[in-house]
**Q** 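Below is the structure I would like to discuss, written out as structure tokens.
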Amino acid sequence: MKKSIKVAVAVIAPLAVLGTCAAVMQAANASPVALQPRVTLAGTVLPKLAQSTRTGDVPADKQLSVAVSLKPSNSQQLDQFISQVSNPQSPTYGKYLTPEEFTAKYGAPQDQIDKMTAYLKSKGLNVDSVAANHLIVDASGPASAMEQTFGTKLSTRRDASGQDYYANDSALTLPRDLAPAVSDVAGLDNHRKLTHPPLKQRAVRGLTPANLTGAYDVKALNATGAGQQVAVFELDAFQQQNINAYDQQFGLKPPTPIVKKVDGGVALGEGQTEVELDIEAISAIAPQAQQTVFEGPNSNKGVIDTYAAIVNSKIPVVSISWGGPEEAGSQADIQAQDTLYKQAAAQGQSLFAASGDSGSDDAGNGGQSVDFPASDPFVTGTGGTHLVVSAANGRTSESGWVDSGGGNSKLFAAPDYQANLGSKVRMVPDIAADADPATGLAVFSKGQFGVVGGTSAAAPQWAGFTALYNQLAKAAGKPALGFANPALYKLSGTAALHDIVGGSNGAFTATKGYDRVTGLGSFDAAQFVKTMLGQ
């Protein structure tokens, strides 16, 4: 399903002689694991470390927090289970696991967790928590202890753009008995920050809930999302009074969003409008769905822990508007996130992620690149369109948006659901919705209305629609949509999806059938439900 990330087996030999009695006594009292030869963890160096300048050492007493991600048990069986449970033609379709069942089947064994926690403590670190899925151990302590624990040196650096940051100088290592079970250690660098695509505002009115529900045939469903839940992944905060003003303007009375702070949460910052866009776009489509906003720090550890909190909640629909170019993150970080997305798929959670707002050049370096996590095979990458709505709220026309993120992944092979499209690699996006700021959404943020575009407006629209679908599926005695991609690709060419023809994102053009600008297209809510549920 994806490019494998192998653990290197370079072994560092232990010291042959301990020179003092004190050293002998220390060794005698150390954990047996700590005395083993050490094994390198592949993919744990920042990709662009060589292009930065080392400016000093991280102070020994600087307090750091890390998330140690463990590999799932029975990973091959997990892939097979996801393939069956997400396939509408399979007899096991929709028989999703609970988080507890996932942990029992695929979480790391308890003895492995015990060894890891014992080792961390033996090196002077505090073990702060073990995630419910038995796949993440959070620990904290001074930089000096982190260096000893993971066999590296931490330094301060400056990159070519002038950004100051800290990072590990070399690949991490762990004792031989622990290394094969570890996929990532997040928190030893602070270079990569996830971004929401730049929000593009115009001084025009923008699309209202009535415009969107009319254009995408939502009104015909006679559904509000009542009794359904949507999780919203955020790395910033919001002000409830802005949400209240939006709801009042359009006569909506949704449940007040629940806030879950991860790793202490985050202060209100520059991404406030992003958070309020997400919440309001979901309410525009599914006004009675209960939204839970997961707010975590914008750091490697914060991202891992926030995704873990979401998948362990098993809220069935997830909206994601934050990401970054595939090449910006370490392979180890990406592998750790991929494991969490697999857990979501096994549990029947639908993840919709914005595909980026830089067209076919997500990295902005003049080449072709795509955004992660939209490019992950277990996530539904959501591109953007230019939607024109009539005065009667009808869908007049829809074309590909010029900045819709899309193209070919450099990390993942073509998944099964894209196998017949002629590409050997994962292609992005999978689907799309309105995103062009020229036809963007009316959003109330920072005390005023504005019009906001970007694929981060498209992902919550799909999340809102999926909440409606799940409401109707439950009433019909059918399973929730779950990991959407296998079902979506079977709907290609049907009335359930608006096939978008026209518009380019740079290297690619929206054409009949699947394309790397708008994917399979936008949704026709009524036809989608009719096709999937027979209603």
Side-chain angles (χ1 to χ4, degrees), residues 2-10 38-52 54 58 64-71 135-139 143 146-147 149-161 163-174 178-195 235 296-308 322-342 353 362-363 365 369-379 409-412 426:
K2 69 179 188 69
K3 181 178 179 181
S4 62
I5 303 174
K6 299 180 180 179
V7 176
V9 293
R38 299 179 72 89
V39 175
T40 300
L41 300 180
T44 53
V45 177
L46 281 174
K48 297 184 178 180
L49 191 71
Q51 283 74 54
S52 65
R54 197 180 195 280
V58 171
L64 300 175
S65 297
V66 293
V68 180
S69 293
L70 304 176
K71 296 177 182 177
L135 291 177
I136 300 171
V137 178
D138 279 357
M146 292 290 180
E147 290 176 332
T149 302
F150 300 109
T152 190
K153 184 68 179 174
L154 301 176
S155 63
T156 57
R157 292 181 171 268
R158 179 167 295 167
D159 66 16
S161 68
Q163 177 187 348
D164 292 316
Y165 68 99
Y166 62 82
N168 46 296
D169 286 345
S170 59
L172 309 184
T173 66
L174 281 172
L178 295 177
V182 175
S183 63
D184 181 40
V185 179
L188 295 180
D189 72 78
N190 67 341
H191 181 264
R192 185 181 187 232
K193 302 288 187 183
L194 293 191
T195 62
L235 302 176
N298 194 350
S299 65
N300 291 345
K301 179 180 180 293
V303 168
I304 289 289
D305 286 346
T306 304
Y307 278 124
W322 301 75
E326 283 186 329
E327 51 264 64
S330 72
Q331 288 186 335
D333 279 348
I334 287 171
Q335 183 183 26
Q337 289 184 49
D338 177 68
T339 295
L340 294 175
Y341 305 145
K342 285 186 179 182
D362 194 69
N365 57 14
S369 53
V370 296
D371 207 70
F372 180 86
S375 66
D376 191 281
F378 298 96
V379 173
S409 171
K410 296 176 182 175
L411 300 179
F412 301 102
R426 162 81 162 125

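No experiment lies behind these values; they were computed from the predicted model shown.
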**Q** Suppose we screen for side-chain hydrogen bond (donor to acceptor under 3.5 Å, both in side chains). Which residues come up paired with Asp184, at least two apart in sequence or across chains?
**A**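 Not a single residue meets the side-chain hydrogen bond (donor to acceptor under 3.5 Å, both in side chains) criterion with Asp184.
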**Q** Who are the side-chain contact (heavy atoms from CB on, under 4.5 Å) partners of Ala171, not counting sequence neighbours?
**A**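 Scan of Ala171 (side-chain contact (heavy atoms from CB on, under 4.5 Å), adjacent residues dropped) gives Thr40, Thr44, Val45.
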**Q** Would you indicate whether the side-chain heavy atoms of Asp338 and Phe372 approach each other to under 4.5 Å?
**A**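 No, their side chains stay 4.5 Å or more apart.
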**Q** What distance do Leu46 atom CG and Gln51 atom CD have between them, rounded to the nearest 0.5 Å?
**A**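 Spacing of CG (Leu46) from CD (Gln51) equals 11.0 Å.
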**Q** Just do the side chain to side chain contact (heavy atoms under 4.5 Å, CB included) check on Leu70 and Val182 with the steps written out, would you?
**A** CA-CA 4 Å; Leu70 304 176; Val182 175; 3.9 Å; yes
**Q** Give me the atom names and distance for the closest heavy-atom approach of Glu326 to Ser409.
**A**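 Closest approach of Glu326 to Ser409, heavy atoms only: OE2-OG, 2.6 Å.
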**Q** Going by ring-ring contact (aromatic ring centres under 6.0 Å, His included), name the residues that satisfy it together with Tyr307, two or more places apart in sequence or in a different chain.
**A**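 Checked Tyr307 against ring-ring contact (aromatic ring centres under 6.0 Å, His included); matches are Phe233, Tyr341.
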**Q** According to ring-ring contact (aromatic ring centres under 6.0 Å, His included), who are the partners of Tyr166, at least two apart in sequence or on a separate chain?
**A**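 By the ring-ring contact (aromatic ring centres under 6.0 Å, His included) rule, Tyr166 matches no residue at all.
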**Q** Can you list everything that forms a side-chain hydrogen bond (donor to acceptor under 3.5 Å, both in side chains) with Thr339? Sequence neighbours excluded, please.
**A**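 None.
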**Q** Kindly give the heavy-atom pair with the smallest separation between Leu64 and Met146, and that separation in Å.
**A**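 Heavy atoms of Leu64 and Met146 come nearest at O-CE, 3.4 Å.
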**Q** Restricting to side-chain hydrogen bond (donor to acceptor under 3.5 Å, both in side chains), what partner residues turn up for Arg158, sequence neighbours left out?
**A**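 Testing Arg158 for side-chain hydrogen bond (donor to acceptor under 3.5 Å, both in side chains), a comparison that skips the adjacent residues, returns Asp164.
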**Q** Sequence neighbours excluded, which residues qualify as side-chain contact (heavy atoms from CB on, under 4.5 Å) partners of Ser52?
**A**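 side-chain contact (heavy atoms from CB on, under 4.5 Å) list for Ser52, sorted by chain: Leu49, Arg157, Asp159, Tyr165.
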**Q** Quick one: does Arg38's side chain have a donor or acceptor within less than 3.5 Å of a partner on Thr173's backbone?
**A**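 Such a contact is found between Arg38 side chain and Thr173 backbone.
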**Q** Can you find a side-chain donor-acceptor pair between Ser183 and Gln335 that sits under 3.5 Å?
**A**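 Short answer, no.
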**Q** Given side chains that start at C-beta, do those of Ile304 and Ser69 come closer than 4.5 Å, heavy atoms only?
**A**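 Side chain of Ile304 against side chain of Ser69, heavy atoms only: contact under 4.5 Å found.
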**Q** Can you tell me which residue among Val185, Asp138, Val137, Thr149 is in a side-chain contact (heavy atoms from CB on, under 4.5 Å) with Val66?
**A**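 Result: among Val185, Asp138, Val137, Thr149, Val185 is the only option passing the side-chain contact (heavy atoms from CB on, under 4.5 Å) with Val66.
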**Q** Could you report the tightest heavy-atom contact between Ala332 and Ala42, atom names first, then the distance?
**A**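 Smallest heavy-atom distance, with atoms named: CB-O, 4.1 Å.
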**Q** Nearest 0.5 angstrom please: Arg426 CZ to Asp376 CG, how far?
**A**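 Arg426 atom CZ to Asp376 atom CG measures 7.5 Å (nearest 0.5 Å).
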**Q** CG of Asn298 to CG of Asn190: how many Å apart, nearest 0.5 Å?
**A**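 Between atom CG of Asn298 and atom CG of Asn190 there are 10.5 Å.
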**Q** Who passes side-chain hydrogen bond (donor to acceptor under 3.5 Å, both in side chains) against Thr156, sequence neighbours left out?
**A**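 Only Thr55 meet the side-chain hydrogen bond (donor to acceptor under 3.5 Å, both in side chains) criterion with Thr156.
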**Q** What residues, two or more places apart in sequence or in another chain, satisfy side-chain contact (heavy atoms from CB on, under 4.5 Å) together with Thr152?
**A**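 Partners of Thr152 by the side-chain contact (heavy atoms from CB on, under 4.5 Å) criterion, ordered by chain and then number, come out as Leu154, Asn168, Ser170, Leu172.
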**Q** My understanding is that only residues two or more places apart in sequence, or in another chain, count here; which of them pass side-chain contact (heavy atoms from CB on, under 4.5 Å) with Glu327?
**A**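 Here the qualifying residues are Pro325, Ala363, Asn365, Ser369, Lys410.
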**Q** Run the salt bridge (Lys or Arg N to Asp or Glu O under 4.0 Å) test against Asp305 and tell me which residues pass, sequence neighbours left out.
**A**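 In terms of salt bridge (Lys or Arg N to Asp or Glu O under 4.0 Å), with neighbours along the sequence ignored, Asp305 is linked to Lys301.
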**Q** For Lys48, check salt bridge (Lys or Arg N to Asp or Glu O under 4.0 Å) against everything at least two apart and list the hits.
**A**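 Scan of Lys48 (salt bridge (Lys or Arg N to Asp or Glu O under 4.0 Å), adjacent residues dropped) gives none.
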**Q** Quick check: closest heavy atoms across Val39 and Ala179, and the distance to 0.1 Å?
**A**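 Looking at all heavy atoms of both residues, the shortest contact is CB-CB, 3.7 Å.
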**Q** Quick one: closest heavy-atom pair of Ser375 and Val370, and the distance?
**A**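 Distance-wise, the nearest heavy atoms are CB-CG2, 3.8 Å.
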**Q** Can you see which heavy atom on Glu147 is nearest to which on Lys153, and at what distance?
**A**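 So the two residues come closest at OE2-CD, 3.3 Å.
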